[in-house]
**Q** 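Take this structure, written in structure tokens, and hold onto it; I'll ask about it next.
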Amino acid sequence: MRADLSGQVIFVTGGAGGIGRATSHLLAANGASVVVADINEDGARAVAGELPGAIAVRMDVRNPEDAERAVQAAVAKFGKIDVLVNNAGVNTFKDRVEIDRFPKEEWHRIVGIDLDGLYVVSQAALQPMVAQGHGRIINIASVVGVTALRLQCAFAAAKAGIIHLTRAMALELGSKGILVNSLAPGSVLTEGTRQLFYGEDGSFRAQMAGFMNHIPLGRPAYVEEIAEGILFLSAPQNSYMTGHLLMVDGGWTAGYMF
Amino acid sequence: MNIDLKGKIALIGGAQGQLTAGIREALAANGATIFDIDPAAQDASPDAPDPFLLVLVSEGANGLPAIDRGNSAERLAFSNAVRAYAGRVKRVVMIMSAAGLVPVKGFSEFSADQASLVSMTRSLAMDLAPATVVNAVAVGACEGDDGIASSRFMKHTGVKRAATLEEIIAAVLFAADPDNGYMTGHTLAVDGGWAVGYARDF
Ligand SMILES: NC(=O)c1ccc[n+]([C@@H]2O[C@H](COP(=O)([O-])OP(=O)(O)OC[C@H]3O[C@@H](n4cnc5c(N)ncnc54)[C@H](O)[C@@H]3O)[C@@H](O)[C@H]2O)c1
């Protein structure tokens with residue numbers, strides 16, 4: 001898809017990561033000025049350096065002062081923010097255990113970044129959006145927020161929280177000209193998931209074969225396919241969709257494959 | 001917004017009306033060669049070139065009926081039409097009413113019928129994967145709908161207006177988009193937030 005995003009300012013949190021980088025590239029290729037925001041400052045700089053007219057800002061989504069400073073930097077540079085993509089997020093890789101043993105620090109770290117951080121950054125970005133009388137927020141959830149999986153209780157709760165927060169935000173902000181949607185990626189091939197689940201050639205580790213059987217398309221997503229959904233949610237013509245959860249999951253939540 | 005359908009064949013069938021006409025026009029503008037089909041008379045000819053896209057428009061996409069009714073014949077025709085092209089078509093898009101997402105009071109037959117298309121989309125997505133992705137677009141209040149549809153939907157529509165045809169067509173184009181290959185079994189709600197929850201302060 002091609003969308004005309006020229007003149008649009010798009011703020012991507014977690015912009016240095018797998019999905020964030022692909023999204024920044026696709027939005028910029030469609031004409032947007034991109035603000036690459038990440039706690040990983042070098043990573044954000046590197047991505048912004050690949051794109052014409054993009055800027056990098058360091059921020060921890062948990063920190064309201066960081067969020068305000070980053071929003072002010074974007075407004076100082078471009079005069080506005082049209083679209084916020086709340087994409088920064090973490091999951092647990094080491095503590096894959098049941099909730100009765102799930103470490104409290106891990107719970108607070110994950111919910112703190114994935115859910116609280118999304119509220120903090122949204123509130124900061126809404127200041128210019130409400131004043132402008134238009135804006136869009138795109139919240140990156142996960143298939144795990146829709147269908148529960150074992151051994152990642154904090155991530156499941158945070159992502160389900162994002163999906164419902166999206167709906168509540170849509171109802172509150174619709175009359176202010178702001179559309180709020182979420183997108184649930186299924187399993188996506190990134191550096192992180194490659195190390196955890198997939199071999200170098202994209203093949204699955206043994207335990208992943210069973211997992212892939214549950215996905216009708218039988219493979220993980222490429223980051224570009226997730227970015228395509230974010231582009232659609234940003235497209236000026238797609239202006240009657242709000243509160244929606246866009247599933248880009250290879251059919252994972254369509255039903256049980258066996 | 002455009003998608004690249006140059007050199008690709010699109011089949012479209014089902015209910016006629018302003019939306020179907022608009023979709024046909026948009027697909028052509030994006031490069032597709034379009035053939036109208038009758039979903040009730042589908043036995044895909046083995047000689048015809050493979051279509052890229054199959055679009056099926058439910059009567060429900062044209063708004064709430066004057067009198068509550070469902071349409072199981074339409075459902076059967078759609079299911080047969082999709083199966084006739086299994087393995088040959090890359091994208092299937094069904095278009096229906098947002099009453100399939102949240103039922104409308106007084107329209108039990110209609111709501112159940114439209115919900116069945118949402119469910120059928122999910123089921124066919126599993127059956128036809130990975131060769132074909134199957135998705136749907138659920139339409140809320142739309143400009144040009146008369147009275148009842150708009151007023152029923154509008155009460156709980158967050159953005160407080162009906163959709164333009166272009167806004168609905170944008171979702172159809174996304175579902176048909178050759179670059180959008182990992183979405184399947186999904187129903188896109190183009191309803192201004194209607195299916196989300198209470199848009200008013202009581
Ligand atoms: N990869 C998948 O399979 C998958 C599946 C479903 C959902 N998601 C979601 O997609 C989003 C992006 O994931 P990804 O796969 O690209 O991951 P990633 O780890 O490649 O990228 C995440 C980025 O967020 C940044 N980040 C982490 N904590 C931060 C903080 N406190 N403040 C600011 N930035 C912070 C990281 O530095 C990193 O650049 C996440 O919300 C994730 O939960 C990913």
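Here is how names work: the chains are called A, B, and so on, in the same order as the sequence lines, proteins then strands, and each is numbered from 1.
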**Q** Quick one: NE2 on B:His186 to OG1 on A:Thr253, what's the gap to the nearest 0.5 Å?
**A**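 Rounded to the nearest 0.5 Å, the NE2-OG1 separation comes to 8.5 Å.
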**Q** Please report the closest heavy-atom contact between B:Gly197 and A:Leu171, naming both atoms and the distance.
**A**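 Residues B:Gly197 and A:Leu171, closest heavy atoms: C-CD1, 3.6 Å.
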**Q** Hey, which of B:Ser123, B:Pro178, B:Pro130, B:Ala195 has the most heavy atom pairs under 4.5 Å with chain A?
**A**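 With the most close heavy-atom pairs to chain A, the winner is B:Pro130.
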**Q** Please check if atom NE2 in A:His164 has more than 12 non-hydrogen atoms from other residues, nucleotides or ligands closer than 6.0 Å.
**A**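 12 or below, so no.
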**Q** A:Pro236, A:Gly255, A:Ala168: which one forms the most heavy-atom pairs within less than 4.5 Å of chain B?
**A**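 The option with the most such pairs is A:Gly255.
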**Q** For chain B, which residues of residues 129-136 of chain A have at least one non-hydrogen atom nearer than 4.5 Å to it?
**A**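 Residues qualifying by a heavy atom under 4.5 Å from chain B are absent, so none.
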**Q** When you compare the side chain of B:Tyr182 with that of A:Ile215, does any pair of heavy atoms fall below 4.5 Å?
**A**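 Of all side-chain heavy-atom pairs linking B:Tyr182 with A:Ile215, at least one is under 4.5 Å.
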**Q** Among B:Gly185, B:Gly192, B:Gly140, which residue has the highest count of heavy-atom pairs closer than 4.5 Å to chain A?
**A**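 The option with the most such pairs is B:Gly192.
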**Q** Does any heavy atom of chain B fall under 4.5 Å from the side chain of A:Leu5, the backbone, both, or neither of them?
**A**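 For A:Leu5, no heavy atom lies under 4.5 Å from chain B.
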**Q** Do B:Arg161 and A:Tyr240 touch side chain to side chain, with heavy atoms closer than 4.5 Å?
**A**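 With C-beta onward as the side chain, the pair touches.
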**Q** When rounded to the nearest 0.5 angstrom, what distance separates CG in B:Asn30 from CZ in A:Arg2?
**A**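 Taking CG in B:Asn30 and CZ in A:Arg2, the distance rounds to 13.0 Å.
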**Q** Check whether any side-chain heavy atom of A:Leu246 sits under 4.5 Å from a side-chain heavy atom of B:Met183, and report yes or no.
**A**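 With C-beta onward as the side chain, the pair touches.
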**Q** So B:Phe174 and A:Phe232, would you call those rings parallel, tilted or perpendicular, with 30° and 60° as cut-offs?
**A**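 If you compare the ring of B:Phe174 with that of A:Phe232, the planes turn out parallel.
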**Q** Is A:His244 close to B:Leu188 at the side-chain level, that is, under 4.5 Å between some pair of heavy atoms?
**A**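 Heavy-atom side-chain distance check passes, below 4.5 Å.
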**Q** What option among A:Lys176, A:Gln237, A:Arg167 has the most heavy-atom pairs under 4.5 Å with chain B?
**A**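 Option with the greatest count: A:Gln237.
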**Q** Write down the atom of B:Ala125, the atom of A:Pro216, and the distance for their closest heavy-atom approach.
**A**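 Heavy atoms only, the tightest pair is O-CB, 4.2 Å.
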**Q** Could you tell me which portion of A:Tyr256 (side chain, backbone, both or neither) has an atom closer than 4.5 angstrom to a non-hydrogen atom of chain B?
**A**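 Looking at A:Tyr256, just its backbone touches chain B.
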**Q** Pick whichever of A:Leu245, A:Thr242, A:Thr166 has the most heavy-atom pairs under 4.5 Å with chain B.
**A**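 Ranked by heavy-atom pairs under 4.5 Å with chain B, first place is A:Thr242.
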**Q** Quick one: are B:Asp179 and A:Leu231 in side-chain contact, heavy atoms under 4.5 Å?
**A**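 No. Closest side-chain heavy atoms not under 4.5 Å.
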**Q** Would a 4.5 Å heavy-atom cut-off, applied to side chains only, mark A:Leu217 and B:Val133 as touching?
**A**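 Answer yes - side chains close enough.
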**Q** Any heavy-atom pair between the side chains of A:Met1 and B:Met1 that's under 4.5 Å?
**A**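 Result yes, sub-4.5 Å side-chain heavy-atom pair found.
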**Q** Can you tell me which portion of A:Ile178 sits under 4.5 Å from chain B's heavy atoms? Options are side chain, backbone, both or neither.
**A**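 For A:Ile178, neither part sits under 4.5 Å from chain B.
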**Q** For B:Glu25, I'd like to know if atom CD has over 12 heavy atoms of other residues, nucleotides or ligands within 6.0 Å.
**A**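 At most 12 heavy atoms, drawn from other residues, nucleotides or ligands, come within 6.0 Å of this atom.
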**Q** So how far is it from B:Ile168 CD1 to A:Met241 CE, rounded to the nearest 0.5 Å?
**A**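 That separation rounds to 10.5 Å.
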**Q** Can you say whether A:Ala235 sits under 4.5 Å from chain B via the side chain, the backbone, both, or neither, judging by heavy atoms?
**A**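 For A:Ala235, the contact with chain B is made by the side chain alone.
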**Q** In terms of heavy-atom pairs under 4.5 Å, which option from B:Val196, B:Thr187, B:Ile169 contacts chain A the most?
**A**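 The answer is B:Val196.
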**Q** When you compare the side chain of A:Glu225 with that of B:Asn180, does any pair of heavy atoms fall below 4.5 Å?
**A**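 No, side chains not in contact.
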